[in-house]
> 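Quick one: the structure is below, and I'll ask about it shortly.
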There are 2 protein chains.
Amino acid sequence: MLRLTRRSEYGLMALAYLASRPREYCSVREIVEELKLPKRLLAEVLKDLSRAGTVEATRGPGGGYRLVRSAEELPLARVVEILEGPVAMTDCMAQTCELEASCIIQTGIGRVTSSIRNVLEDMTVAELLPASSEAPLAV
Amino acid sequence: MLRLTRRSEYGLMALAYLASRPREYCSVREIVEELKLPKRLLAEVLKDLSRAGTVEATRGPGGGYRLVRSAEELPLARVVEILEGPVAMTDCMAQTCELEASCIIQTGIGRVTSSIRNVLEDMTVAELLPASSEAPLAV
DNA sequence: TCGAAAAGCACCGAAATAGTGCTAAAATAC
DNA sequence: GTATTTTAGCACTATTTCGGTGCTTTTCGA
């Protein structure tokens with residue numbers, strides 16, 4: 001149903017949380033307590049985001065994750081791609097499709113796919129936050 | 001990964017095919033031969049579309065399915081909704097979400113969801129077809 | 001009355017997803 | 001340098017969704 005996976009959903013929530021605490025390192029424990037998410041799963045997700053370079057991590061007491069750059073520079077598409085692969089409505093769009101020859105809607109689906117990709121490219125993690133909690137500037 | 005299900009994919013292909021043969025009844029057999037799709041599955045899909053009133057069926061020899069109204073009046077969103085339920089990026093958007101309280105991105109995700117829904121509302125089955133095969137006016 | 005075609009119902013297998021367990025490595029505090 | 005906090009890595013299980021099929025019934029035309 002065109003759903004995001006939980007990974008993306010949790011990932012976006014966590015990133016939004018980090019965005020509301022700029023430059024602060026937030027531990028997985030803190031985040032899951034705050035957002036009420038399954039700990040190990042969010043840990044997995046943040047690890048992936050870290051590997052992909054959207055967040056940076058430090059270990060040990062006082063450690064955790066923080067955004068590498070401002071949330072305004074982080075499009076949703078980037079997050080979704082990291083956590084669930086390329087944004088494509090059909091396999092055709094992701095790579096190759098055995099139906100090629102008989103597929104009469106290939107180009108049409110291509111247009112839809114890029115429109116949707118555009119929506120996700122244009123919106124950033126910063127915009128996910130309600131206006132109030134946006135950039136509170138608290139250290 | 002934000003994918004359509006095969007049901008939607010096959011359904012859209014079949015509808016596009018019907019659109020290229022206006023007012024003609026096309027049997028499942030004919031369609032799957034033409035488009036190289038699994039027969040029983042497409043039958044299932046067309047049955048659902050029929051129940052939902054986007055195509056009409058007649059049985060017996062010479063029977064099959066045809067569009068109830070022109071493909072220009074059939075938005076992709078309608079098809080996807082029939083075949084896989086409401087277009088929603090998260091469960092939150094489809095109905096209720098237990099995280100409500102702790103979910104800081106609810107309104108944000110709501111905005112993305114409606115943008116995507118709009119994309120699918122604005123594009124019709126007619127637009128899926130490459131310009132050449134559009135409305136051939138045969139018969 | 002025979003054959004073609006949709007309608008209904010129920011089921012199966014495979015793949016993707018959600019989620020967990022455990023151990024290792026790093027950083028800090030004492 | 002030892003204990004503690006926290007991320008990193010690896011592997012695994014359970015559940016759900018999805019793709020696909022079988023079989024019977026009903027309808028319609030020839």
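Here is how names work: the chains are called A, B, and so on, in the same order as the sequence lines, proteins then strands, and each is numbered from 1. Bear in mind that the values here come from a model prediction, so they are computed numbers and not experimental data.
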> How long is the span from the CD atom in B:E127 to the CG atom in B:D122, to the nearest 0.5 Å?
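So the gap between those two atoms works out to 8.5 Å.
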
> Can you measure A:D91 atom CG to D:dC18 atom P for me and round it to whole angstrom units?
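Result: 14 Å.
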
> I'd like a table of atom pairs between the protein and nucleotides 23-26 of chain D - only N or O on both sides, under 3.5 Å - with the distance next to each one.
from	atom 1	to	atom 2	distance (Å)
D:dT26	O2	B:R59	NH1	2.6

> Between atom NZ in B:K36 and atom C1' in D:dG19, what is the gap in whole Å?
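These atoms are roughly 20 Å apart.
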
> How long is the straight-line distance from CZ of A:R3 back to OG1 of B:T113, given to the nearest 0.5 Å?
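If we round to the nearest 0.5 Å, B:T113:OG1 and A:R3:CZ are 9.5 Å apart.
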
> Would you indicate whether the side-chain heavy atoms of A:Y17 and A:R21 approach each other to under 4.5 Å?
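Counting from C-beta outward, A:R21 and A:Y17 do come under 4.5 Å.
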
> Does the side chain of A:C103 reach to within under 4.5 Å of the side chain of A:Q106, using non-hydrogen atoms?
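A side-chain contact under 4.5 Å exists here.
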
> Atom OH of A:Y25 and atom P of C:dA27: how far apart are they, to the nearest Å?
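Between P of C:dA27 and OH of A:Y25: 11 Å.
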
> With respect to the side chain of B:T5, which nucleotide from C:dG19, D:dC18, D:dT21 is positioned closest?
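Per side-chain heavy atoms of B:T5, the pick is D:dC18.
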
> What parts of residues 43-55 of chain A reach DNA chain D, counting only heavy atoms under 4.0 Å away?
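Result for residues 43-55 of chain A: A:E44, A:K47, A:S50, A:R51, sorted by number.
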
> Quick one: B:L41 CG to D:dT17 P, roughly how many Å, whole number?
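Value for this atom pair: 18 Å.
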
> Contacts to DNA chain C from residues 61-68 of chain A, heavy-atom cutoff under 4.0 Å, which residues?
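Within residues 61-68 of chain A, the residues near DNA chain C are A:P61.
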
> Could you tell me which residues satisfy side chain to side chain contact (heavy atoms under 4.5 Å, CB included) with B:T58, sequence neighbours excluded, listed by chain and number?
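With neighbours one apart ignored, the set is B:Y25.
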
> Rounded to the Å, how far apart are B:L4 CG and D:dT17 P?
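Atom-to-atom, B:L4 to D:dT17, this comes out as 18 Å.
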
> Within the structure, does a side-chain N or O atom of A:Y10 lie under 4.0 Å from either OP1 or OP2 of C:dG19?
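Yes, because at least one side-chain N or O of A:Y10 sits under 4.0 Å from OP1 or OP2 of C:dG19.
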
> Using a cut-off of 6.0 Å, state whether more than 12 heavy atoms not belonging to A:R111 lie near its atom CZ.
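More than 12 within 6.0 Å, yes.
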
> Measuring only between side-chain heavy atoms, which start at C-beta, is A:L49 closer than 4.5 Å to A:Y65?
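Sidechains of A:Y65 and A:L49: no contact.
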
> B:I104 versus A:E34: any side-chain heavy-atom pair under 4.5 Å?
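No. Closest side-chain heavy atoms not under 4.5 Å.
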
> Enumerate the salt bridge (charged side-chain N to carboxylate O under 4.0 Å, His left out) contacts for residues 112-121 of chain A, please, sequence neighbours excluded, ordered by first and then second residue.
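Qualifying pairs, neighbours excluded: none.
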
> How many Å lie between CD on B:E56 and P on D:dT27, as a whole number?
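It is 18 Å, rounded to the nearest whole Å.
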
> Which pairs with one or both residues in residues 77-87 of chain A pass salt bridge (charged side-chain N to carboxylate O under 4.0 Å, His left out), sequence neighbours excluded?
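Qualifying pairs, neighbours excluded: none.
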
> Regarding B:E24 and B:R66, does a basic nitrogen lie under 4.0 Å from an acidic carboxylate oxygen?
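Judged by the 4.0 Å cut-off on N to carboxylate O distance, B:E24 and B:R66 do not form a salt bridge.
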
> Would you kindly give the CD-to-P distance between B:E30 and C:dA4, to the nearest whole Å?
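Interatomic distance, CD of B:E30 to P of C:dA4: 16 Å.
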
> What integer distance in Å separates A:L42:CG from C:dT20:P?
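Result: 12 Å.
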
> Tell me whether the side-chain N/O atoms of B:R29 come closer than 4.0 Å to OP1 or OP2 in C:dA5.
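Checking C:dA5 against B:R29, a side-chain N or O does come within under 4.0 Å of OP1 or OP2.
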
